[in-house]
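The chain is numbered in sequence order, starting from 1. Start at 1 and go down the list; that is how both ligands and their atoms are numbered. The structure displayed is predicted, hence computed values, not measured ones.
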Amino acid sequence: MNAVPRPQPPPAQGSRLAALNDWVDQVAALTKPDRIHWCDGSEAEYRDLVAGMLADGTLVELNQDTHPGCYLHRSDPQDVARVEHLTFVCTRERDDAGPNNHWMAPAQAHETIDRLFDGCMRGRTLYVVPYCMGPIDSPLARCGVEITDSPYVVANMRLMTRMGAAALARIEREGAQGKAFVRGLHSTGELDPDRRFIMHFPEELAIKSYGSGYGGNALLGKKCHALRIASWQARQEGWLAEHMLILGLEDPQGETHYIAAAFPSACGKTNLAMLIPPEGYRALGWKVWTVGDDICWMRPGTDGRLWAINPEAGYFGVAPGTSARTNPNALATIQRDTIYTNVAVTDDGQPWWEGLDDRVPALDWQGRPYDPANGPAAHPNSRFTVAAMQCPSWSPRAEDPQGVPISAIVFGGRRSSVMPLVFEARDWTHGVRVGAAMGSETTAAATGAVGVMRRDPMAMKPFCGYHFGDYFAHWLSFDRPGAKLPKIFHVNWFRKGDDGRFLWPGFGENMRVLEWMVARIRGTAAAVDSPIGLLPEAGAIVSPACSREDVERVLQVDAAGLPQEQTEIAQHLQGFRPRLPSPLV
Ligand SMILES: Nc1nc2c(ncn2[C@@H]2O[C@H](COP(=O)(O)OP(=O)(O)OP(=O)(O)O)[C@@H](O)[C@H]2O)c(=O)[nH]1
Ligand SMILES: O=C([O-])CC(=O)C(=O)O
Ligand SMILES: [Mn+2]
């Protein structure tokens with residue numbers, strides 16, 4: 001018989017990097033998917049993913065006339081936030097994870113979670129998602145590969161990172177030079193809150209996440225890689241991976257100061273990063289440029305300054321409270337090509353949340369007819385995912401492979417009492433102490449009670465991948481000969497009056513605080529010493545949206561509350577002995 005020409009095998013899928021192919025093979029043998037798809041990050045691939053999710057109900061189309069390219073995802077009602085009690089740092093030595101992390105021995109952790117992964121992708125597609133954290137050509141950027149069975153995660157990773165062919169090419173190039181990529185394995189599993197773990201193996205540069213599809217638990221490039229694993233690497237290699245926004249503040253002379261600010265989850269980073277100065281400032285030529293809204297990687301440059309990049313390429317922002325008054329830049333950004341998660345919808349299919357405007361939504365975040373008796377229409381931790389460059393204030397320097405030089409670091413918490421609007425640390429060591437002592441009231445970004453005061457050093461309590469004592473020592477180590485370190489400030493936008501109202505108007509008015517910081521950097525504003533640090537002089541910060549009495553109160557340290565605050569801070573810091581560095585004892 002004549003040989004019948006046989007069809008060609010499908011084009012080779014996979015990578016030139018044996019280590020990557022081998023790992024994908026191993027994971028496939030464990031998870032047993034029906035199909036494997038290597039993501040190239042293309043527009044066509046994104047469209048196909050969205051079409052598939054619309055077809056199976058994972059996404060709902062929003063009003064395409066008002067919100068082109070916008071879709072809604074309703075998560076499982078039990079899967080709406082990060083789960084800190086199920087998040088582990090699995091180091092060989094328990095002490096290396098510190099009292100600030102939940103710990104499990106690596107072998108036990110692998111065994112526990114691999115049992116859940118066994119066969120979990122049957123009937124599903126395994127997606128291989130190569131990504132780069134940071135500008136693709138930046139020496140500060142780092143790569144990883146996430147394997148996931150969730151098309152929602154793939155679509156979000158495409159918006160949040162540089163995902164696809166270019167990242168794979170960099171991973172292959174670096175792999176040939178012996179440089180490892182971070183390996184993240186994720187499955188949404190059965191979404192059973194009792195079968196859910198987010199595990200980190202910093203010594204193996206590996207992450208395993210099972211049982212949640214929610215952002216911080218499932219988009220492994222974000223909190224898991226860019227903070228927990230990266231903070232570990234940063235300590236070994238002499239840099240910092242921080243939960244900070246980065247903004248550029250351009251003054252009327254055209255000079256731009258870059259400021260990095262660490263506030264805990266849902267405490268105002270996205271809002272500050274996209275601030276629009278009040279009219280009077282705009283008329284003079286002040287502008288704010290957004291470099292990043294959540295994560296900052298910075299390292300000392302040859303000039304002694306700290307140079308920072310935003311490792312992300314998108315925003316995963318809190319929806320509630322976002323409005324034309326509070327954050328018009330965010331609102332403009334999310335008008336198109338945005339994935340909304342757990343927001344409400346109006347009767348004409350537009351996304352809606354508390355604080356947006358005074359319309360009444362038709363359906364709540366679970367898709368039920370809206371009934372105020374069921375609680376808020378949008379989940380308090382409902383989110384938008386969108387490409388960063390859609391933001392009108394997106395900085396022209398955001399793609400700079402060298403990053404931007406940082407002039408000020410700002411720490412801040414959500415404190416209804418005690419802490420004033422702003423103060424300056426006396427020097428770097430004092431600033432590290434201020435950061436280490438940070439407190440904040442909890443928010444809906446993590447499961448658990450909301451509004452409970454807890455210590456959240458540098459806003460990294462849920463994200464530092466190692467012992468806080470070692471972390472503080474690492475921060476202190478940047479103060480060395482030749483260093484030109486940024487000034488350190490502390491802010492609190494959330495001080496309340498006796499009537500429970502915020503004393504300070506916040507949002508755009510926060511520009512007045514930023515201006516004072518720049519004046520301090522330039523040496524053109526005086527300050528007054530106080531028990532906690534340097535305060536603005538009387539009259540240095542005023543706002544037409546805030547009465548004289550309220551401004552006076554908000555600028556003051558609450559002397560009555562201070563002794564207890566100091567006792568609590570001392571107790572909190574003692575918890576990191578014996579690794580607590582002596583300047584913080
Ligand atoms: N009162 C007041 N509320 C603010 C201010 N800035 C932000 N908020 C509110 O705080 C909530 C969270 O703000 P975001 O800017 O999204 O917080 P984030 O730090 O970026 O949050 P994550 O994405 O979870 O890290 C929103 O509801 C905002 O409206 C402010 O200056 N004053
Ligand atoms: O990580 C998340 O899920 C969202 C976020 O930015 C945070 O909680 O700080
Ligand atoms: Mn965050």
Side-chain angles (χ1 to χ4, degrees), residues 75 79-84 87 153 156 160 198 209 212-228 242-247 261-275 290 292-296 310 312 314-327 329-331 334 341-342 353-356 376 378-385 410 412-416 421-422 440-447 450 456 459-463 491-496 500-514 543 545-546 554:
S75 80
D79 185 33
V80 293
R82 286 182 292 100
V83 282
E84 295 180 5
T87 300
V153 165
N156 275 271
M160 293 302 297
I198 324 296
S209 165
S212 168
Y214 170 77
N217 302 328
L219 311 177
L220 301 186
K222 192 174 177 56
K223 295 304 168 46
C224 301
H225 176 166
L227 287 178
R228 298 195 191 93
E242 300 298 327
H243 191 200
M244 292 177 175
L245 69 94
I246 309 166
L247 65 81
F263 310 153
S265 302
C267 291
K269 288 182 301 301
T270 301
N271 278 270
L272 189 65
M274 298 180 184
L275 181 146
T290 310
D293 83 324
D294 198 53
I295 303 181
C296 164
N310 170 14
E312 302 191 277
Y315 311 115
F316 182 62
V318 177
T322 307
S323 74
R325 180 184 69 83
T326 58
N327 194 347
N329 274 331
L331 212 56
I334 60 181
T341 300
N342 292 338
W353 49 83
E354 277 69 17
L356 175 61
H379 188 276
N381 192 38
S382 54
R383 299 259 169 180
F384 51 78
T385 319
V410 184
R414 184 181 280 269
R415 297 296 302 271
S416 38
L421 183 64
V422 60
S440 197
E441 287 141 26
T442 51
T443 65
T447 56
V450 168
D456 190 348
M460 285 287 279
K461 165 75 185 73
F463 306 119
V491 300
N492 176 24
W493 312 142
F494 301 95
R495 180 91 165 255
K496 288 182 177 169
R501 183 177 57 80
F502 291 120
L503 289 172
W504 177 251
F507 304 105
E509 291 298 299
N510 294 334
M511 173 67 211
R512 301 176 194 279
V513 178
L514 298 181
S543 161
C546 192
V554 82

- Item | Main-chain N/O of Asn217 paired to Ser209 side chain as donor or acceptor, under 3.5 Å | yes

- Message: Using 0.5 Å steps for rounding, measure from the OG1 atom of Thr442 to the NZ atom of Lys461.
- Response: 12.0 Å

- Heavy-atom closest contact (Ala459 atom, Phe263 atom, distance): CB-C, 3.4 Å

- When rounded to the nearest 0.5 angstrom, what is the spacing between CD1 in Ile198 and CG in Leu220? 8.0 Å

Do any nitrogen or oxygen atoms of ligand 1 lie under 3.5 Å from a protein nitrogen or oxygen, and which ones?
unit_1   : atom_1 : unit_2 : atom_2 : d
ligand 1 : 10 (O) : Arg414 : NH2    : 3.3
ligand 1 : 13 (O) : Gly268 : N      : 3.4
ligand 1 : 13 (O) : Asn271 : ND2    : 3.4
ligand 1 : 15 (O) : Lys269 : N      : 3.4
ligand 1 : 15 (O) : Thr270 : N      : 3.1
ligand 1 : 15 (O) : Asn271 : N      : 2.9
ligand 1 : 15 (O) : Asn271 : ND2    : 2.8
ligand 1 : 17 (O) : Cys267 : N      : 3.4
ligand 1 : 17 (O) : Gly268 : N      : 2.9
ligand 1 : 19 (O) : Cys267 : N      : 3.3
ligand 1 : 19 (O) : Gly268 : N      : 3.1
ligand 1 : 19 (O) : Lys269 : N      : 2.8
ligand 1 : 19 (O) : Lys269 : NZ     : 2.7
ligand 1 : 20 (O) : Lys269 : N      : 3.4
ligand 1 : 20 (O) : Thr270 : N      : 2.8
ligand 1 : 20 (O) : Thr270 : OG1    : 2.9
ligand 1 : 21 (O) : Ala266 : N      : 2.7
ligand 1 : 23 (O) : Arg383 : NH1    : 2.8
ligand 1 : 24 (O) : Ala266 : N      : 2.9
ligand 1 : 24 (O) : Arg383 : NH1    : 3.4
ligand 1 : 24 (O) : Arg383 : NH2    : 2.8
ligand 1 : 25 (O) : Lys269 : NZ     : 2.7
ligand 1 : 25 (O) : Asp294 : OD1    : 3.0
ligand 1 : 27 (O) : Pro320 : O      : 3.0
ligand 1 : 31 (O) : Phe507 : N      : 3.0
ligand 1 : 31 (O) : Asn510 : ND2    : 3.0

- If you round to the nearest 0.5 Å, how far is CD of Glu441 from CZ of Arg415? 7.0 Å

Is there any protein N/O under 3.5 Å from an N/O of ligand 2, and what does the full list of such pairs look like?
unit_1   : atom_1 : unit_2 : atom_2 : d
ligand 2 : 1 (O)  : Lys223 : NZ     : 3.1
ligand 2 : 3 (O)  : Tyr214 : OH     : 3.0
ligand 2 : 3 (O)  : Gly216 : N      : 2.9
ligand 2 : 6 (O)  : Lys223 : NZ     : 2.6
ligand 2 : 6 (O)  : Asp294 : OD1    : 3.4
ligand 2 : 6 (O)  : Asp294 : OD2    : 3.4
ligand 2 : 8 (O)  : Arg82  : NE     : 2.9
ligand 2 : 8 (O)  : Arg82  : NH2    : 3.1
ligand 2 : 8 (O)  : Ser265 : OG     : 3.0
ligand 2 : 9 (O)  : Lys223 : NZ     : 2.5
ligand 2 : 9 (O)  : His243 : NE2    : 3.2
ligand 2 : 9 (O)  : Ser265 : OG     : 2.5

- Rounding to 0.5 Å, atoms NE2 (His243) and CG (Asp294) come to a distance of 4.0 Å

- Roughly how far, to the nearest 0.5 Å, is the OG1 atom of Thr326 from the CZ atom of Phe507? 5.0 Å

- Proximal protein heteroatoms (N, O or S) of the Mn ion (ligand 3), under 2.8 Å: Lys223 NZ, His243 NE2, Asp294 OD1

- Geometric cation-pi criterion Lys223 and Phe463, 6.0 Å radius, 45° cone: yes

- Item | Short side-chain donor-acceptor distance under 3.5 Å, Asn156 and Thr385 | yes

- Between Asn329 and Met274, is there a donor-acceptor pair closer than 3.5 Å when you use the side chain of the first and the backbone of the second? yes

- Tell me, do Asn510 and Trp493 make a side-chain contact under 4.5 Å, heavy atoms counted? yes

- Item | Under the side-chain hydrogen bond (donor to acceptor under 3.5 Å, both in side chains) test, residues paired with Ser265 that sit two or more places apart | Arg82

- Message: Can you tell me how far apart OG1 (Thr322) and CZ (Arg383) are? Round to the nearest 0.5 Å.
- Response: 10.0 Å

